Number of protein chains: 2
Amino acid sequence: MLISETSVEQCAGSIVETLPLFLRLIRAELRRHPRLNLSLPQLRALVYLRDQPGASASGMAEYLGVTRATASTTIERLVQRELITRTDDPQERRRVVLNLTEAGHRQLEQASTIAQERVAEALAGLSPSRLRRINEGLLLLQSVLHTRAGITR
Amino acid sequence: MLISETSVEQCAGSIVETLPLFLRLIRAELRRHPRLNLSLPQLRALVYLRDQPGASASGMAEYLGVTRATASTTIERLVQRELITRTDDPQERRRVVLNLTEAGHRQLEQASTIAQERVAEALAGLSPSRLRRINEGLLLLQSVLHTRAGITR
DNA sequence: TATTGTTATACTCTATAACTATA
DNA sequence: TATAGTTATAGAGTATAACAATA
């Protein structure tokens, strides 16, 4: 199927080219607020714990798409900054229980707002139709990734 | 305009959530081929030089969306690995002239193929209509970013 | 034995700051 | 003075490998 293959390749190329552009936008914006000082993975970690309070380190690793070792260091940094808590699970003593602190909730709220505002700024002026098409494409991508993008090692 | 604002926020959220998922997919795939051993920024640097032979370090920084200092170290690594050359510009002696080596061309070719194949694999099975909509959304995003996503410091 | 999690090590990415050289 | 580029320093992200503790 040549037509379909061409589209797949076009998509792949578009993805490789588009993603880094947005990442730098968000990174730059987060960095511009020294009070927050959250990296994108850190922000995602906080989002995960907001949505899945009490999650484990393994769950975090899976969500972030990194190894457990990497998740462990990310978690450690957030614990030291007192944005999350890490306690033992009495039932399953190998497991840790992760939760946002009050400060974590606040920083997450602020960072999300800032990142979204910056992205929204970049999107400002686009017609509703274009916004809809952009969002539609992204949602389709998400559905693909959530079902198939498990870590492959 | 409430409707439009809602879409902008949805888009922003979709972007923040979708991008890292794809990045890890590509990163993991590139990493899985030790012969290549190219990071995503390195791959993008090679792509840039393929399309803009003789480019300067400043041009590279702008393309990658990083500071000149960062671009300089990235360039240095690629020079040491003999994937690119960095020579003086006789006309403008502050400037450097960057080009792919033969090895750089080969690695770029291989890495692009591998990355695209992995992404294509993730997209496999999507209907032509969905692929078209995904691609359309990404192209719209690119056009926004290329015109407005200059580095802000 | 399998799973959860941590630590040690090593790279890369990235920025800011300070610097040199050229225009 | 302004621009092109480098280097030093620092911190984060990431992996692999080796390990401890628990199931």
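Chain naming here is simple, since letters A, B, ... match the order of the sequence lines and numbering starts at 1 in each. Quick caveat, the model's predicted, so the values are computed rather than measured.
What separates CG of A:Leu64 from P of D:dA15 is a distance of 10 Å, to the nearest Å. Rounded to a whole Å, the CZ atom of B:Arg93 is 17 Å from the P atom of C:dT20. A straight line from CG of A:Leu38 to C1' of C:dT14 spans 16 Å, rounded to a whole angstrom. Remark: P of D:dT14 and CD1 of B:Ile26 are 14 Å apart, rounded to the nearest angstrom. Look at CE on B:Met60: it is 21 Å from P on D:dT3, rounded to the nearest Å. If you measure from atom CG of A:Leu25 to atom C1' of C:dT14, you get 16 Å, rounded to the nearest angstrom. Between B:Gln80 atom CD and C:dC11 atom C1' there is a gap of 14 Å when expressed in whole angstrom units. For the pair A:Leu40 CG and D:dT14 C1', the interatomic distance rounds to 14 Å; values are reported in whole Å.
Relative to the side chain of A:Ser58, the nucleotides D:dG5, D:dT7, C:dT4 differ in distance, and C:dT4 lies closest. Residue A:Val66 has its side chain nearest to D:dA15 when only C:dT12, D:dA15, C:dT6 are considered.
For the pair B:Ser129/B:Arg132, a side-chain contact is recorded, criterion being any heavy-atom separation below 4.5 Å from C-beta on. Annotation: side chain of A:Tyr48 is not in contact with side chain of A:Leu98 (no heavy-atom distance under 4.5 Å).
Comparing A:Gln42 and A:Asp89 along DNA chain D, the residue whose closest nucleotide (by nearest heavy atom) sits nearer the 5' end is A:Gln42. Between A:Thr70 and B:Thr70, the one whose closest nucleotide on DNA chain D sits nearer the 5' end is B:Thr70. Comparing B:Pro90 and A:Ala57 by the nucleotide of DNA chain C that holds the closest heavy atom to each, the one mapping nearer the 5' end is A:Ala57.
Listed pair B:Arg86 / D:dT6 meets the phosphate criterion, a side-chain N or O lying under 4.0 Å from OP1 or OP2. Within the 4.0 Å cut-off from OP1 or OP2 of C:dC13, at least one side-chain nitrogen or oxygen of B:Arg77 is found. Residue B:Thr67 places none of its side-chain N or O atoms closer than 4.0 Å to OP1 or OP2 of C:dT14.
Remark: the B:Arg94 side chain and the D:dT3 base include a donor-acceptor N/O pair separated by less than 3.5 Å. Scanning atom types as modelled, no donor and acceptor separated by under 3.5 angstrom connect the side chain of A:Arg95 and the base of C:dT4.
The local environment of CZ in A:Arg133 is crowded, with over 12 non-hydrogen atoms from other residues, nucleotides or ligands closer than 6.0 Å. In A:Arg44, the CZ atom is crowded: over 12 heavy atoms of neighbouring residues, nucleotides or ligands sit closer than 6.0 Å.
B:Asn99 contributes a side-chain N or O that, together with a main-chain N or O of B:Gly54, makes up a donor-acceptor pair within less than 3.5 Å.
Using a 4.0 Å heavy-atom distance criterion, A:Ala69 is classed as a base contact. Residue A:Thr73 is in base contact, counting any heavy-atom pair closer than 4.0 Å across all strands shown. When heavy atoms are screened at a 4.0 angstrom cut-off, B:Glu92 is found touching the sugar-phosphate backbone but no base atom.
Put simply, A:Leu40 and A:Leu64 are part of the same group of oily side chains (I, L, V, M, F, W, Y) that touch within less than 4.5 Å, one to the next.
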